[in-house]
Amino acid sequence: MPAVAEIRFTSPAEERYQTTEGIVTLAWEASGNSAPEFFELQQSSDPSFPEGKTRIRYRGVDSGSVVSGLGEGIHHFRVHTVEPGDGEGKSEWSAPVAVEVTYMEKPKVLLLLASGAAVFFATLAALIIGHFRSFRGLEGG
Amino acid sequence: MRESEAHVLDPRTGMILLVLFGALWIALGVWWGRRAKDSEGFMLAGRNVGLALGTATAMATWITSNTTMMAPVFALKQGVWGLLAYSTASFGLLLFAPMAMRIHRLIPKGFTSGDFFRLRFGKTAWGIFLAISMLYSMAWLVTMAIAGGELVFALSGIDYLTGLTAIMLVCVAYTLFGGLFAVIGTDFIQSVIILIGIVVIGSTVLTKTEIPEMASHLAAEQPALISVFMPVALLAVFNNMFFGFGEVFHNNVWWSRVFAMRRSVAPKAFFLAGLLWFPIPIAAGFIALAAGPLGINILNENMTGPLVASRIMGADGGGTVAGVVIFVVLFCSLASSIDSLLAATSDLLTRDGFEKMLRKGQRLPDALLRRAGRWSIVGVGLTAWLLALPRWPLQHVLFISGPLVASVIWPVIAGLYWQRVNARFIVVAMLAGSAAGLYAYFTIGWFTASLVSVFVSMLITLAGRYIGATTFDWKSLTRD
């Protein structure tokens, strides 16, 4: 009987990964077993992964997954191998990885957005005014 | 990271497609190239391009592999705002329409954007402008080349070096033989293929998904993708828009098309191209939003588009057909941009570099100019191939060029529309805008760099309108 694989995350490198964009690329490897494995990746808002707060993020043969659309907060992930049929666990769970999503402060965002809007309308105005003045020969050329 | 997906095409099919399309494009290049009787014909397609070809070339050139590959990545990372952020790049084409009219009026016999900048603002500004333009153009070209090699491998298993070399050889060959005639002609065909392909892929995705189910899945599993307040995504809307403005307003890829089109055609062509381009990234990006609801696992964010498209289209047993469609669409989106960059960059090198800088503005024999043009196409293509070989993550260089090109937006507007402006302020605007944008890139994030750059550049350019402004003689543009 083949040995049950030991699982660990290879990406991200740190146990606590920080991002402002709500996306993380998870990768894992199974050691101790040369046969292809079936993996289950779980996500939870609680590091103890209680039933009501945990969801299955992925189940399949891939050894990685890009997880996007994460809201602000800390998201915990763990992975193990399972039986392909009934999903019964085969290996122990990997050491979990925590992904902390922190958005830019709101005042800063609003200031940058206001600046962007100002530049957009100023650019539009410069083009429209320039175009009509040019049409009327007011700037020459 | 082990992947479960096989390539959607086998190497043999991939090679057949490469050879067939390559041979066809080169043959078209030779055939169209006969129309170029002199260097002006070679560089500017006889200055007689009509509306259909003009619109198609503007649209096809702007649909790069970034559009078909990065739009899905934007959607995957930034959701609905990401789709809109990418689409704002079409505003650059829309706003360039009236500028095209002005360019034709001011400098009807112009050759390059560098010509205009040199005559309008002098040598210092011209030098900075050329440096920014060359860096951006080469970064764009090399990222296209790398994308070509990686896509050919991802789709068919053909090794990176072979795919990269094949795509670059084909594009250099037909651009060399046919000049802008070949570039515009193939753009027309490519734009039709791309539009059909995007419609086929997009509509196939729509048949597999229900929008309400997609929305509820995203709300439960990927809530940030449909969130109204997602800072990076919101800021990316403006950042991408200004990056697009800077790219279109300054680059010789677009100015050469203005000079190539008939005067009455240029504004309409750019406007139509902008309208037609707007939904393309939305359609391409939409398929990335369908990945989660359809249970498609993404392993590599950069391959989101081709992966989801091939999975969905291949689900009904049409795997090879799906692979061929995706391969052809991506080949066309790559080739339509690579050829334009080769042609426009070689024009800048020939006209601005060789004729104006090295030969100090001497009137050179047409045969010499044509030879210089051809050698520069080969040189630019070879340089891009060499830089693409190590597969450096040059998309970062392309993103870094965002604040550089954004710093040129207001100098170009001032140059075209203001008779009075201080040229020294234009120089400072470009330098300070670039510096501020680069600072923002490394300290805040990529999604603010172009925005900060254009903001700083705008303030300095506006100051130059009122402080030490000198009157420019527009007629001097046509005396050169």
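Every value quoted in this text rests on a predicted model; they were computed, and no experiment measured them. Letters A, B, ... are given to chains in the order of the sequence lines, protein chains preceding strands, and every chain is numbered from 1.
Between B:Phe74 and B:Trp446, the ring-plane angle classifies as perpendicular under the 30° and 60° cut-offs. Ring-plane geometry between B:Phe249 and B:Phe96 is classed as parallel, the angle between the planes falling under 30 degrees on a 0 to 90 degree scale with a further cut at 60.
Looking only at heavy-atom pairs under 4.5 Å with chain B, the residue among A:Ala117, A:Ala126, A:Gly71, A:Ser68 that has the most is A:Ser68. Per-residue heavy-atom pair counts under 4.5 Å with chain A were compared for B:Phe472, B:Phe229, B:Phe455, and the maximum is reached by B:Phe229. With respect to chain A, the highest number of heavy-atom pairs below 4.5 Å among B:Phe245, B:Phe242, B:Phe91 belongs to B:Phe242.
Counted by atom type alone, A:Ser48 and A:Asp46 present one or more donor-acceptor pairs between their side chains at under 3.5 Å.
Around CH2 of B:Trp254, the count of heavy atoms belonging to other residues, nucleotides or ligands within 6.0 Å exceeds 12.
At a 4.5 Å heavy-atom cutoff, the contact between B:Thr448 and chain A is made by side-chain atoms alone. Contact of B:Leu76 with chain A is made through backbone and side chain together, with heavy-atom distances under 4.5 Å. Proximity to chain A is limited to the side chain of B:Gln78, based on heavy atoms less than 4.5 angstrom apart. Both the backbone and the side chain of A:Leu113 come within contact range of chain B, each with at least one heavy atom under 4.5 Å from a heavy atom of that chain. Within the 4.5 angstrom heavy-atom criterion, only backbone atoms of B:Ala220 (N, CA, C, O) approach chain A. Of the atoms belonging to A:Leu124, it is side-chain heavy atoms, and not backbone ones, that fall under 4.5 Å from chain B.
B:Gln222 approaches B:Gly292 most closely through the heavy-atom pair OE1-CA, 4.1 Å. What you find for B:Pro293 and B:Met214 is that their closest heavy atoms are CG-CG, 3.5 Å. For the pair B:Ser457 and B:Pro411, the tightest heavy-atom approach, listed with the atom from each and the gap, is OG-CD, 3.6 Å.
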